[in-house]
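A note on names: the letters A, B, ... follow the listed sequences, proteins ahead of strands, and every chain is numbered from 1.
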Amino acid sequence: MTGYIEKIKQISERLLKEGRVESVIGFRKGSMPMMNEPCIVNKPDKIKDLVWDSNCGINLTNYLTNRKDKICVVAKGCDSRNIVTHIIENKIKREQLYIIGVPCKGMIDKRKAAALATGEITSVTEEGETIRVKGNGFEKAVPKKELLQDNCAICIHRNPVIYDELVGDLVEEQKGINRYEDIQKVEAMSPTEKWNYFEELLSPCTRCYACRNACPLCYCPTCFVDESKPQWVGKSQDHTDIRTFHFLRAYHCAGRCTDCGACERACPQAIKVRQFTKKLEKDCLEMFGWEAGMTLDQRPPLDTFKNDDPEAFIK
Amino acid sequence: MKIVKINKNKWAEGLDSLAGSYSLTGPVKEQGCHNFKKLNKGQLPDFDFLNTKLSSKSSVFPQSEAMIEYNLDETADNHHIMKEVKKDYSKRAVIGMRPCDAKAILLVKMNFDTPDYKDPYWLNAYNATTFVGLACDQPATTCFCTSTECGPYHEEGLDVLLSDAGDHYIAKALTQKGEELLACAKWTEAADSTVMEKKKKEAEGKIVSSVQTDQLKNKVTLDLYSAPFWDDIAFACINCGTCTFACPTCWCFDIQDEVKGNKGVRMKNWDTCMSPLFTLHTTGHNPRGEKTQRVRQRFMHKLKYFVDKYDKGIMCVGCGRCVRQCPVNIDIRGVCDKMNGYEPA
Ligand code: SF4
Ligand code: SF4
Ligand code: SF4
Ligand code: SF4
C-alpha cells in the first residue's frame, strides 16, 4: 500500500496547480506508530507531507460534510461508499469532488499490534504484506493479515465504487467470507445472555462520543444526546442512558453504515461498537438485499417507500 | 521523612491491614485496559502498566457525582427542599497512581480550593484521601513529565512514593498522612535511602520526549490567539473530548438535574471544552461554535491562560494520555512547541 503515495502526490499537485480543486484531503504522518493524521493541503509545497500506508483507517468522508469548496479527497473502498451516501443525502455534491480512488488491502488495528508486543511499540513498518513491529528489545515480523482491523478482515468491497482516478490496479475482492459470524453468535443468545453481553461490552464507555464523531453518517446539527429542549437522554454515567445512546446511534446508521470501522478504531476504550451497527447492516442485507453506498441511483431502504411493500402497517 | 522497605511477600498482608482502616482504590485491568477501581477484599492492585487509561483524578473528581437530591411530591413534607446527598468520606487511599497524576491533583486543587470558593465535594474527597504513588522506572515514549516541572519520581501531591525494586518496594513517606498509612500497614523495615535517588536519576534519563515552555509566558496572548496555525492543528479533530476526559488536569464539569418520577438528583458530570454544547447559550448563540475555536481554547487554556493566571507552569503534567488516545493523533507536544516558538509576522 505504500506504493500508492507517489501517485497520490502527483495527482494532488496537478489538481492544485491547475486550480481544479482548492484543497486536497488526505493523511500526513502522525507522531505515534500506527497513527496518521487527517490533513488538508491547499498549497503545492505541502504536498510532500502526504502519506499513504496501512494506518489510514480514519474515514475521510467525515471531513467532507457540508463543504462548499471544490475539493479532492483520497478514498479507499469504504470511504468511497460513504461518499456515495453523502452525495445521496445532500451532504456534498458530486461536482465538487475529485476522488482519488485507492484500491485497499486493509488497515492495521493498533490494538492487535500492541497485543503482540511486550511493552511499548516504538515503530511499525510495512514491506508489502509483512508488518514489522518493534519495541524495546523486541522485534517481530507478522503477516499483515493477522493485524487487520476486524472490519477490514471481512471487507468485500476493497475497491472504491466511485472515483475520478485510481492510484493503482484494482485489487482482488475477498471471497467466501462470512461477514456475520460474531453477530450470529449474539443472535443465538438468550435475552438474558444478550443483556449481559451488551452490559459487559459497554461497561468501559465514557460517552466521549468519539464513535459518533468519527462516523461520516453522524452529521446531525444537534445529535439527540446533545438536545436539551427536550432532553432525551441524561448526561451522567447512567447505564440506561449509555445503552440508549448506543442503540439509537446504531439505528440511525441502519442501511447507511458501510462498516468502515472508523467508529471502532476511534473508540479510546476499544469497545466493539460495530456489534450494533453490523446487526442492522445484516438485517438490511437479509430483508432488503441492500448494501449501503454501492450506487448513486438508489435511495437507502429506510428512506424510501414502495407501493408493493409487504408490511400492512405502512399502507 | 521515613523510607521503608516492603518485601513483596508482605505486600498483600499490608494491604489487608490497610483495608481495615481505609477503602482502597488501585489500578485494575479490565477488558485490556488499566483503570482505577475500588479494590475488593484481598484484591491486589495490578502494577503492570505504563499508565492507566483514565487518570486517577476520578478518585476525587468522579465522572458523574450526585451532589443534591430532592423530592417533587407535593404531598411530602420536605418536597422541593434541596438536600446534600449523604456520602461516605471516611479514610480512603489510592494505591499506585503515577507521580504525574498526583501533581495534576494539585493543579486541579488551585481551581477547586480558592480563597473565594471551595468545592465541598472535591475537597471532602481530597481531604479523606491518602495518595500513594508508584514511581515510573519504565516511562513511556509519550511521557514528557520532566519538561512540565514534574518527573517519574516527582513527590508533589503524594503522601507516599513507592518504587519497585524487584523483590521489594521502597516506600518513602512524604507527609504525616503517608507515615500513618505505612504504620497502619505495618511496613516498618528500614531501607537504604540512597537507592531511591539512584533510581530516580535512571528513570529521568529514560524520558525521551519533551516540550519547550520557556517562552509561553512572554508571548502576547492575542498574538497566540490569532496565530495562523490553528486551522491546520484543528483540521483532523473530531471534537470527541477524549483528550479532556483522559487528562488528569482537566477540571471542567457540567451540572445536570436528573428526575425520575418525583425523585430528582443534581449531578456534577465531567464536561469538555471540545464539545460545542460546552459554550452553547440558551439564546442559541455559540461563542465557540467552530471546531478551530474549541481546539484553540483547549491549548490556550493549558499553555497560556493558565500560565498567566497562576504562574505555576503549564496546565499539563506530561502524562501523554491525550497523545496516545486521540483518535486522529493531535499531539499537544507539537502544539506546545509551535506556541512557544511563535513569532508574529
Ligand atoms: S467512542 Fe467508545 S467510549 Fe466514546 S462514546 Fe463511543 S463507545 Fe463510548
Ligand atoms: S457506524 Fe461505524 S462502521 Fe458504520 S459508517 Fe459509521 S463509522 Fe463506519
Ligand atoms: S481527542 Fe483528539 S479528536 Fe478528540 S477532541 Fe481531543 S484533539 Fe479532538
Ligand atoms: S494535556 Fe495531555 S499530556 Fe498533558 S496532562 Fe493532560 S492528558 Fe496528560
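Heavy-atom distances place the backbone of A:R207, and not its side chain, under 4.5 Å from chain B. For A:T122, the part sitting under 4.5 Å from any heavy atom of chain B is the side chain, from C-beta outward, and nothing else. The part of B:L54 that comes within reach of chain A is its side chain, from C-beta onward, which places non-hydrogen atoms under 4.5 angstrom from that chain. At a 4.5 Å heavy-atom cutoff, B:K260 makes no contact with chain A through either its backbone or its side chain. Only the backbone of B:I233 comes within contact range of chain A, with heavy atoms under 4.5 Å apart. Residue contact with chain B, scored on non-hydrogen atoms closer than 4.5 Å, involves the side chain of A:N62 exclusively. If you measure heavy-atom distances from A:A266 to chain B, the contacts under 4.5 Å come from both the backbone and the side chain. Neither the backbone nor the side chain of A:N42 comes within contact range of chain B; no heavy atoms are under 4.5 Å apart. Both the backbone and the side chain of B:T142 come within contact range of chain A, judged by heavy atoms closer than 4.5 Å. Looking at B:N329, both its backbone and its side chain come within 4.5 Å of chain A, counting heavy atoms on both sides. Contact annotation for A:I25: only side-chain heavy atoms (C-beta onward) come within less than 4.5 Å of a heavy atom of chain B. Heavy-atom distances place both the backbone and the side chain of B:D232 under 4.5 Å from chain A. Neither the backbone nor the side chain of B:V265 comes within less than 4.5 Å of any heavy atom of chain A. Heavy atoms closer than 4.5 Å to chain B are found in both the backbone and the side chain of A:I40. When heavy atoms are compared at a cutoff of 4.5 Å, A:Q231 approaches chain B solely by way of its side chain, counted from C-beta outward.
Options A:D226, A:N213, A:I271 differ in how many heavy-atom pairs under 4.5 Å they form with chain B, and the most are formed by A:N213. Ranked by heavy-atom pairs under 4.5 Å with chain A, the list B:Q138, B:M274, B:K53 is led by B:K53. Residue with the most contacts toward chain B among A:N36, A:T206, A:L60: A:T206 (heavy-atom pairs, distance under 4.5 Å). Comparing B:E65, B:E258, B:M267 by heavy-atom pairs within less than 4.5 Å of chain A, the highest count is held by B:E258. Put simply, of A:R111, A:E200, A:Q237, the one with the most heavy-atom pairs under 4.5 Å next to chain B is A:Q237. The choice from A:M35, A:E37, A:E120 that makes the most heavy-atom pairs within less than 4.5 Å of chain B is A:E120. If you tally non-hydrogen atom pairs under 4.5 Å between each of B:A66, B:C326, B:A246, B:S64 and chain A, the highest count goes to B:S64.
A:D238 and A:S236 share no donor-acceptor pair across their side chains, judged by distance under 3.5 Å alone. The closest side-chain donor-acceptor pair between B:Q325 and B:T242, if any, does not fall under 3.5 angstrom. A:S31 and B:D331 are linked by a side-chain donor-acceptor pair at a separation below 3.5 angstrom, with hydrogens and angles left out of the test. B:E30 and B:N35 form no side-chain donor-acceptor contact under 3.5 Å, judged by distance and modelled atom types alone. A donor atom on one side chain and an acceptor atom on the other are found under 3.5 Å apart for B:R333 and B:S209. With no hydrogens or angles considered, a side-chain donor-acceptor pair links A:T258 and A:N82 at under 3.5 Å.
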Might you work through the salt bridge (Lys or Arg N to Asp or Glu O under 4.0 Å) test for B:K268 and B:D119, ending with a clear yes or no?
CA-CA 11 Å; B:K268 175 181 172 191; B:D119 182 316; 3.0 Å; yes
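Because its NZ or CZ atom is not both nearer than 6.0 Å to the ring centre of B:F245 and within 45° of the ring axis, B:K57 does not count as a cation-pi partner of that residue.
The distance from the NE2 atom of B:H34 to the CG atom of B:D48 is 5.5 Å, given to the nearest 0.5 Å. Rounded to the nearest 0.5 angstrom, B:C143 SG and B:L50 CG are separated by 7.0 Å.
Ring planes of B:Y342 and B:F229: perpendicular class, angle over 60° (limits at 30 and 60°).
Between A:D45 and A:K43, none of the side-chain N atoms (NZ, or NE/NH1/NH2) sits under 4.0 Å from a carboxylate O, so this pair counts as no salt bridge.
Smallest separation of non-hydrogen atoms from B:F61 and B:C252: CZ-O, 3.8 Å.
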